[in-house]
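Please read these numbers as outputs of a predicted model, since none were measured by experiment. So that the names make sense, note that chain A is the first sequence line, chain B the second, and so on, each numbered from 1.
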Amino acid sequence: MGVTRHIIYRHVGPDGPLGFPNSPTTFSEAATSQECTMMTIGDPCGRMRRSKAATSGSSVCVSALMLAGCSGDTHLSFLDPQGPVASGQRWHFVESLAVLLVFVAIPVFVLTAWFLWRYRYGAKSSRYTPKWNYSALLEIASWAGPVVIVVLLGIIVWRATHALDPYKPLASDQPALRLQIIGYDWKWLFIYPDQGIASIGVLALPVGRPVAIQLTSATVMQSLHIPALGSQIYAMGGMVTQLHLQADRPGRSLGENNMYNGNGFHQQRFSAVAMTPERFSAWVDEVHLHGIALNDQSLKHISQRSTRAELIAALSQPGASDGNIYFKGATDALFSTVVKATKSGTPVAPASVRQEFANRAPLAARKPTESATDKVQ
Amino acid sequence: MSFAEQFQHPLGRLSLESLPFWQMLNDPTRGNVINGVIGTAAALMVVIGTLVTIAMITKYRKWSVLWSQWLTSPDHKKIGIMYVVLALVMLIRALMEALLMRAQQAFGLEGGFLSPDHFAQLFSTHGTIMIFFVAMPFLTGIINYVMPLQIGARDVSFPVLNSISFWLTAAGAALVMISLCIGKFSTGGWFGYPPYTEASFSPGVGPDYWIWALTLASLASTFSGINFAVTIYKKRAPGMKLMVMPLFTWTALCTSIIMIFAMPPLTVAMAQLALDRYLGFHFFTNELGGNMMNFANLFWLFGHPEVYILVLPSFGVYSELISTFSGKSLFGYRSMVIATMAIVALSFAVWMHHFFTMGQSANINAVFGIASMLIGIPTGVKIYDWMWTIFRGRVRFTVPMIYSIGFIYLFVLGGITGILLASPTIDYQVHNTVFLVAHFHNVAIPGALFGLLAGYHFWFPKAFGFRLNERMGKVSAFCWIFGFMLAFFPLYALGLMGLPRRSVAYTEPSYVPLEIAAFLGAILLTVALVTLVVQLWVSIKQRDKNRVFAGDPWDGRSLEWSVSAPPPEYNFAVIPVVTGRDAFTLAKEGGKAYPLPESYTDIEMPKNSVMGPVLGAIGFALAFGLVWHILWMVILFFVAAVVTMIVYGFARDTTRIVPAQQVQQEHRRWLDAVAAATGISRADEYQSANQGLAEMTIHEVPA
Amino acid sequence: MIDQFRDDEETASRKLEERKDFYSYVWGFSLALAMTLVPFAVVHWGAMRGLSLLIFIGAIALVQMAVHFRFFLHIGWRQKREDLLLLLFSTLLMVIMGAGTIWIMASLAMRMSLPASP
Amino acid sequence: MSHEVIKHPGLNLGAAHGPQHDASEALMFGFWIFLMSDAILFGLVFASYVTLVNATAGGPEPHALYDIKSVFIETLLLLASSFTFGMASLALKYQHSTARLIGWLMVTLVLGVTFLDFELHDFVSMFAKDGVPSRSGFLSAFFDLVPLHGLHVAGGCIWLICLVGQIAKYGVDTQAKHGVMRLALFWHFLDIVWIAIYSVVYLAGLA
Ligand code: HEA
Ligand code: HEA
Ligand code: CUA
Ligand SMILES: [Cu+2]
């Protein structure tokens, strides 16, 4: 960390999402801070260390809610699936890879090596037929082999693509949890419209219940990806995409943006934390109690081009001290408002071309955001 | 500021701030200093490199030779060589950038030494350069050099247009180079998706540099494609029917067809983005009805066929090599041709697999996924036919052959990961992770670049009259192969571990060992390149020992081996008559490889033309003016371009005559040398005894 | 004398050819004119509506293009094979690219609008 | 004679022109390929237009902007110019007087320039109705597609003038002939593009 001025955002928060100073929780301060220390030491990946910016002002960390999330490493990969979508994808991946290795790679590798050795220049006794260049049988085999493989794969692919379409709601006896996600530069805002809360930096999910997500972007194109839970999907300004996920067991998974969107791109990460339904509702209550109001003013800050750490500094409010930010007062209308606003932009009225161009912001005036972020890096 | 005002200042947007060290001097924070130093060093290399080159040319008084023998030459062979040199120069930059990126990521746990902005410029320029200004010029150069010789033609159909194509490419390359010294390049990656690259999110000059560089390259490629296609259709030697053409020529034809039809989507995408940026249109903006998804659509309509532009010529090279160095005629010629054409057709029908995750219906995803997999069929046929060519042959493990073997193994792996990506379900997980980065390097390097490198070793003696040092070639080849594996296999694992591409840094300590391995791989690749350069130097030193004037050092099979090395400017003293596939081998077998013509005729050749350099310079200046909003420059050079073309329309008398007598003299001198040379067996290929005359030894060995 | 005769014959056949060529342009022009007028009239006086009108316009346009290719660009079956193949191949690509684009963009547009009720 | 294979698209010079006829083959083929590449370009601009045609973003819509009568006249002008260019081609092929060739070419030029004039008027009247390209995605697409064709026509006009200049200077030599033949292809090709614009943009837009 000290080597450079980069602040790489670490997952300080997920295990203690509610880092409100002096938050009157049901957990004793002593117990939690002790636990924090313990976990800080015990965390094999050193994930508990905090960047200075993020920790400032935080003295207490309520992590009991998140114990499960803390217990292991972050799940990075769909090969270590935490839900039905990812495990379906893993199975499909293994199956396809096996077909390809067994029927494509191995035959080519073995035969080529064998031919090369047997028919090397020095080999005097192997057959040599310099003019032989056609054999109907071999030709047919060369075409038919791949055809068969592709047909086989094609069937698998057709089925898997439809089964795992991210737009397809997951079958479940529980109603899906609605979630709306807005991509900002360089953070995701997770809105729980039915709970009336929102968060940045941590995505809390109840275990065993499908999550129906709508995504949009308030800026450029982004791609939400939580490998251990399931698919990635683009989020685009003025548009709404959908994603369905589910976590099967408590745990913390890596979440990120996969579509480059500027200097803070690599810091646009978060933790998807799956927890038991009870803990989830406790978490929701907690956020209601201590979240920052999601109003015009905080939204103005959020929509700046800034990393999460910069945003926290800008908000300069308690409730953000563990590196994540929690909001109360999120409404159902917010998401569609953002979609519409992004889509319409600022209407331009003039009748003549000259005026039309006059309305565009001067290039020089558009620059500053870049230099602002340079400072932090 | 209005549109007119933006363009009002005589220097447009140019200012001292555009210099790479400006920020460092004004705000000397640590990060700024590191970036400033790297940037300045890079800019200095460009400037000093240019100055030194100019000084050397002046010192040795080579300007007039350079001008009249090379820069204005319409000779396809010289243009071909200039393309390869351009590729090499650009490669040096792109490789250094790759090395920097790998170093940054190796130390990228929590930071590293590069600023995100700098890193973004690295991957954007690296990708752009490698595709448009390394791979494309390299393959265009090789096609230029080899194809007319293979079909028994004296030149391409439109030699001046050929020169113009080259100079437009060079202008694009120069634009990318100058972005190091003045201003910045785009940070949007090689496909620069809007709205990120729109004026509202990237107001600087970066995307403009990228737009105009690509536009120049795209125009040039369209012209090259047309030129090659017409040449192949209309200038074949008598008897060279389509189904008799060497496979490299076939792939050149197919590549040209892709160039002709795949460049328009790129041109449209670039033009529309430029309209957005310059005139406030709304093609790809968020607001007012813009639709950035159509940019992705247009770009990949170009982008996917483009990757087959990269790989098809190499497929052609492998076909020639494997047949030559197995001492056997190519297995399944007809299948090979059909497969190549199938790849061309299919390449236009799969573009959507680059944005499976955009949200379209599962039906569309599945259709395009399966269509992508179909490409595995013709590609597989090619792989198998190469294997059957080796089968019952006599394989010589020469440098080009080592590349070919490396290719077969590694490309099959890369193809397999391509097939995995073609499954939407899997793509949903690995799209835009470094798994994808591993895939495309895995196909682009062993597929496209190994082939071009092998072709370089194969045809170098033809172009320059002496062979390359074999031992160093082998060292280099093995460094390429193992360096590649070390550099890119770890990325597959990293991608599966969730590392997004274009990450300047990461927080996961478990990535570190793999990242370091990849860095070592990149170093090994650099060693490979250095070895290649040293090899060239050593070979030039030893050239007198390795002359192959007779022209046929490897027992070649097609017409290019039937002339002297290097060939005369008119290629063939007398246009050969072709009787079948492997035309030269047939001639050798029939004892008619070196016929003595009864008479010679005058040969009409195109005169030198300044059109290429002039239009290249104008194109560069026009693009530069556009990038920096320098109005007078834009107008001036636009008018200049139009006027130049009008003036050229009035040009008459553009050919000159090589007198029959001169042709006779040169041809006889070569025939004498052939007569004086001793044929050597394949075992002695790498001895000094190899003067370019192959001993005819076809002894079948029955079962 | 015989030369003279041959020349005459040649001029005669060239005259014939010229007439043929000339009428090709006349035919092309008249047909094209008709096919410009008819859809114009239909649209202008509202003789048809909706989808059927669009199909009608499209069909006439395609026929008119074929007419131009035939009578102005002189594309026919006696063409060199590569010229015709090129045209057909380009048409194929245009269909793939155009139809593909519209298919994909329509699907995206449909799946990406803001759901009516939350 | 008439059983001869046609060597290239467009009016063939025919054997009477000797080597000039043979030499035209590669040149015309090259130009034909270029036109096909250009056709793809137009095709994609059309596809962009179709995807954006509804993206009016609250701005003016086709009905409010297009003037079908003016477009109809433009179409007639272009059609007539294709015919007059055909006459020029005949004058070239059958070696009529140079004056006749130039005459037909000039008529074509006048028609082309008149077309451009009408088109510019259309654009100006659209501007007056707030139909500027920066108003919406739809208008962006419109002003990409239609003026692109217009630019091609303008380029054709300049080319035509140059050819007349060459003929004036060198007479109807090989290069002038090949120039006229290629311009003919270009001109007729632009006509075909215009039919698509006429139908897809204007007629369908007003339907
Ligand atoms: C042809 C294409 C090509 C080639 C050859 C390479 C070569 C290399 N590439 Fe690159 N790369 C791209 C195309 C290519 N790349 C593209 C398109 C991107 C994406 C950009 C984006 O994100 O937008 C990318 C991105 C990319 C990244 C960014 C990954 C990320 O997004 O996180 C990295 C990181 O290290 C990388 C590394 C390398 C390395 C180490 C090499 C090399 O070291 C490998 C060695 C290869 C060579 C050194 C060149 C081959 C040799 C010759 C041509 C010989 C010439 C000889 C003569 C002329 C005689 N590449
Ligand atoms: C030379 C370049 C090259 C080549 C040849 C290929 C070849 C292939 N590519 Fe690759 N690809 C790229 C360059 C290339 N690609 C680049 C640059 C990108 C990324 C651009 C970016 O995002 O920056 C990319 C991205 C890319 C994607 C998008 C992924 C994403 O964005 O998420 C996909 C998805 O389908 C894909 C698929 C394929 C397939 C199916 C092939 C096939 O052609 C492979 C066929 C070969 C084989 C299959 C092996 C041999 C076959 C056999 C031995 C026969 C038997 C096998 C079967 C029947 C399966 N490629
Ligand atoms: Cu766990 Cu703090
Ligand atoms: Cu692709």
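- For A/Val147, the parts lying near chain B are the backbone and the side chain together; criterion is any non-hydrogen pair under 4.5 Å.
- The shortest side-chain heavy-atom distance between B/Phe397 and A/Leu116 falls under the 4.5 Å cut-off.
- Closest non-hydrogen pair, B/Leu496 versus A/Ser77, comes out as O-OG, 2.6 Å.
- Looking at heavy atoms from C-beta onward, A/Asn133 lies out of side-chain contact with B/Lys328 at the 4.5 angstrom threshold.
- When the candidates A/Ile156, A/Leu138, A/Ile233 are compared by the number of heavy-atom contacts under 4.5 Å with chain B, A/Leu138 comes out ahead.
- Relative ring orientation between A/Tyr119 and B/Phe391 is described as perpendicular, the plane-to-plane angle rising above 60° on a 0-90° scale split at 30° and 60°.
- Using a 4.5 Å cut-off between heavy atoms, B/Phe123 contacts chain A through its side chain alone, with no backbone atom that close.
- With a 4.5 Å cut-off on side-chain heavy atoms, B/Tyr428 and A/Gln89 count as touching.
- Annotation: side chain of B/Phe201 is in contact with side chain of A/Arg305 (closest heavy-atom distance under 4.5 Å).
- The minimum heavy-atom distance between A/Ala86 and B/Gln429, with the atom names listed, is CB-NE2, 4.5 Å.
- If you tally non-hydrogen atom pairs under 4.5 Å between each of A/Pro166, A/Ser217, A/Gly238 and chain B, the highest count goes to A/Pro166.
- Closest approach of B/Ser335 to A/Trp143, counting heavy atoms only: OG-NE1, 3.0 Å.
- In this structure, B/Met358 and A/Met239 have side chains that are not in contact, with every pair of non-hydrogen atoms separated by 4.5 Å or more.
- When each of A/Val220, A/Val104, A/Leu153, A/Asp165 is checked for heavy-atom pairs under 4.5 Å with chain B, A/Val220 comes out on top.
- When all heavy atoms are compared, the tightest approach of B/His431 to A/Gln232 is O-NE2, 2.7 Å.
- Interface remark: of the candidates A/Thr219, A/Asp185, A/Leu243, A/Thr219 forms the most heavy-atom pairs closer than 4.5 Å to chain B.
- Using cut-offs of 30° and 60° for the angle between ring planes, the B/Phe435 and A/Phe93 rings count as perpendicular.
- Of the charged side-chain nitrogens involved, at least one lies within less than 4.0 Å of a carboxylate oxygen, so that A/Lys131 and B/Glu589 count as a salt-bridged pair.
- The OH atom of B/Tyr506 sits 14.0 Å away from atom CG of A/Leu254, with the distance rounded to the nearest 0.5 Å.
- Interface summary for chain A: among B/Ile370, B/Val381, B/Val430, the most heavy-atom pairs under 4.5 angstrom belong to B/Val381.
- To the nearest 0.5 Å, atoms CZ (B/Arg394) and NZ (A/Lys124) are separated by 7.0 Å.
- Contacts between A/Ala163 and chain B at a heavy-atom distance below 4.5 Å are absent for every atom of the residue.
- Taking 4.5 Å as the limit, every side-chain heavy atom of B/Ile408 sits out of range of all side-chain heavy atoms of A/Phe109.
- Across A/Arg118, A/His162, A/Arg90, A/Met259, the residue that shares the most heavy-atom pairs under 4.5 angstrom with chain B is A/His162.
- Using a 4.5 Å heavy-atom cutoff, the side chains of B/Trp388 and A/Phe115 are in contact.
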- Given side-chain contact (heavy atoms from CB on, under 4.5 Å), test A/Ser96 with B/Ile419 step by step and report yes or no. CA-CA 9 Å; A/Ser96 310; B/Ile419 301 290; over 6 Å; no
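- For A/Leu79, the part sitting under 4.5 Å from any heavy atom of chain B is the side chain, from C-beta outward, and nothing else.
- Distance check, rounded to the nearest 0.5 Å: OG1 of A/Thr241 to CD of B/Gln360 gives 11.0 Å.
- A distance-only check finds no donor-acceptor pair linking the side chain of B/Ser503 to the backbone of A/His266 [under 3.5 Å].
- Annotation: the span from A/Ser231 atom OG to B/Asp427 atom CG amounts to 10.0 Å, rounded to 0.5 Å.
- For A/Ser135, the parts lying near chain B are the backbone and the side chain together; criterion is any non-hydrogen pair under 4.5 Å.
- Using a 4.5 Å heavy-atom cutoff, the side chains of A/Val157 and B/Thr425 are not in contact.
- Counting heavy atoms of neighbouring residues, nucleotides and ligands inside a 6.0 Å radius, atom NZ of B/Lys382 exceeds 12 of them.
- In summary, the side chains of A/Thr161 and B/Asn365 do not present any donor paired with an acceptor at a separation below 3.5 Å, with no hydrogens or angles considered.
- In this pair, A/Tyr260 and B/Tyr196 present their aromatic rings perpendicular. The plane angle is above 60°, beyond the 30 to 60° band.
- To the nearest 0.5 Å, the span separating NE2 on A/His225 from OG1 on B/Thr357 amounts to 9.5 Å.
- Remark: the backbone N or O of B/Gly327 is paired with a side-chain donor or acceptor of A/Tyr128 at under 3.5 angstrom.
- Heavy-atom distances place no part of B/Phe411 under 4.5 Å from chain A, backbone and side chain included.
- Separating the CG atom in A/Leu101 from the CG atom in B/Leu413 is a distance of 8.0 Å, to the nearest 0.5 Å.
- Within the 4.5 angstrom heavy-atom criterion, atoms from both the backbone and the side chain of A/Trp132 approach chain B.
- Of the listed residues (B/Phe325, B/Tyr409, B/Phe356), the one with the most heavy-atom contacts under 4.5 Å to chain A is B/Tyr409.
- No side-chain donor-acceptor contact under 3.5 Å links A/Asn258 to the backbone of B/Pro500.
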- Evaluate the side-chain contact (heavy atoms from CB on, under 4.5 Å) criterion for residues B/Tyr511 and A/Leu76: first the C-alpha distance (whole Å), next the side-chain angles of each, then the deciding distance (0.1 Å), finally the verdict. CA-CA 11 Å; B/Tyr511 292 163; A/Leu76 297 177; 4.1 Å; yes
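- Contact annotation for B/Ser510: only side-chain heavy atoms (C-beta onward) come within less than 4.5 Å of a heavy atom of chain A.
- The residue among A/Ser126, A/Gly154, A/Ala160 with the most heavy atom pairs within less than 4.5 Å of chain B is A/Ser126.
- In terms of heavy-atom proximity, A/Pro227 sits nearest to B/Gly498 at CG-CA, 4.4 Å.
- A ring-centre distance under 6.0 Å is not found for A/Tyr234 and B/Phe355.
- Residue A/Asn257 touches chain B through its backbone alone, counting heavy-atom pairs closer than 4.5 Å.
- Per-residue counts of heavy-atom pairs under 4.5 Å with chain A were compared for B/Gly393, B/Ser326, B/Ala683, B/Gly369; the largest is that of B/Gly393.
- By number of non-hydrogen pairs under 4.5 angstrom with chain A, the leading residue of B/Thr389, B/Ile405, B/Thr285, B/Ile383 is B/Ile405.
- What you find for A/Met221 and B/Tyr193 is that their closest heavy atoms are SD-CD1, 3.7 Å.
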